[in-house]
Amino acid sequence: MMPNDLIDAALDARKHAYAPYSNFQVGAALRDETGRIHAGCNVENAAFPQGVCAEAAALSAMVLAGGLRCVEMAIVGGGDSLITPCGGCRQKLREFATDDMTIHACDETGVLKRTFMLGELLPFAFSPTHLGPSA
């Protein structure tokens, strides 16, 4: 099933990206465990690397709204290459998701290019389960 609602939210978020240095706007939207959608965009900063990735912004929006689990995400970016979360964002996602979370990589028009599982992008990830039952 096409996650059109997530893709549309990511496209809308991308319009608000603040990327004056790279000119590379990214939007991300995730679905939490209750079905709510939370979106974010990248925000660059002149003091590299102090910017915020779109995926991290969407996770922050989810936490602020009381969400605990990310079950699906769509990422929209420009160019011909697949846009996937950076290494840091993959680890951030793993904090709130399992290896079978789906990540949809889309182009700047919202066309779905490929779907990944988080475990494909971050195999053998360090997760809260490594810290014991209270984590």
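Note: hydrogens, waters and symmetry copies are ignored here, and every other heavy atom, side chains too, is used. For clarity, every value in this text was computed on a predicted model and none was experimentally measured.
- Atom NZ of residue Lys15 and atom CD of residue Gln25 lie 13.0 Å apart, to the nearest 0.5 angstrom.
- Heavy atoms only, all atoms of each residue included: Pro85 and Leu93 are closest at CG-CD1, 3.9 Å.
- Atom CG in Leu11 sits 8.5 Å away from atom CG in Asp107 (nearest 0.5 Å).
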Is there a side chain to side chain contact (heavy atoms under 4.5 Å, CB included) between Leu68 and Met62? Walk through the geometry before answering. CA-CA 7 Å; Leu68 299 172; Met62 178 190 78; over 6 Å; no
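- Within the structure, every pair that satisfies the ring pair (Phe, Tyr, Trp, His ring centres under 6.0 Å) test and touches residues 34-92, not counting sequence neighbours, is listed here: Tyr21-Phe48.
- Criterion: ILVMFWY side-chain heavy atoms under 4.5 Å apart, direct or through other members. Under it, Leu30 and Val63 are part of a common hydrophobic cluster.
- The line from NZ of Lys92 to CG of Leu122 is 12.0 Å long, rounded to the nearest 0.5 Å.
- Residues Val26 and Phe116 are members of one and the same hydrophobic cluster, defined by side-chain heavy-atom contacts under 4.5 angstrom among Ile, Leu, Val, Met, Phe, Trp and Tyr.
- The two residues Ala39 and Ala9 make their nearest non-hydrogen contact at CB-O, 4.1 Å.
- For the residue pair Cys41 and Ala13, the shortest heavy atom distance occurs at CB-O, 3.2 Å.
- Put simply, OG1 on Thr98 and CE on Met117 are 9.0 Å apart, with the number rounded to the nearest 0.5 Å.
- Partners of Glu95 by salt bridge (Lys or Arg N to Asp or Glu O under 4.0 Å), not counting sequence neighbours: none found.
- One finds the CZ atom of Arg14 at 11.0 Å from the SG atom of Cys106 (value rounded to the nearest 0.5 Å).
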Going through the checks in order, is the side chain to side chain contact (heavy atoms under 4.5 Å, CB included) test met by Val71 and Phe96? CA-CA 9 Å; Val71 298; Phe96 296 97; over 6 Å; no
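- Placement of Leu121 and Ile75 within a single hydrophobic cluster is found when ILVMFWY residues are connected by side-chain heavy-atom separations under 4.5 Å, directly or transitively.
- Taking every heavy atom of both residues into account, Glu33 and Gly66 meet most closely at OE2-O, 4.4 Å.
- A chain of hydrophobic side-chain contacts below 4.5 Å, direct or via other Ile, Leu, Val, Met, Phe, Trp or Tyr residues, connects Ile83 to Met101.
- The salt bridge (Lys or Arg N to Asp or Glu O under 4.0 Å) check on Arg31 picks up Asp5, Glu72, with sequence neighbours excluded.
- Counting only distance, with no hydrogens or angles, the side chain of Arg94 and the backbone of Ala97 share a donor-acceptor pair below 3.5 Å.
- Asn42 places no side-chain N or O within donor-acceptor distance of the main-chain N or O of Tyr18, the cut-off being under 3.5 Å.
- Ile37 and Leu112 are members of different hydrophobic clusters when ILVMFWY side chains are connected at heavy-atom separations under 4.5 Å.
- Rounded to the nearest 0.5 angstrom, Glu55 CD and Ile103 CD1 are separated by 8.0 Å.
- In terms of heavy-atom proximity, Gly78 sits nearest to Glu108 at CA-OE1, 3.1 Å.
- Ionic pairing of Glu120 and Arg90 is not present here: no N-O contact between side-chain nitrogen and carboxylate oxygen is shorter than 4.0 angstrom.
- Shown here for Ala28 and Ala58, the closest heavy-atom pair between the two residues is O-CB, 4.0 Å.
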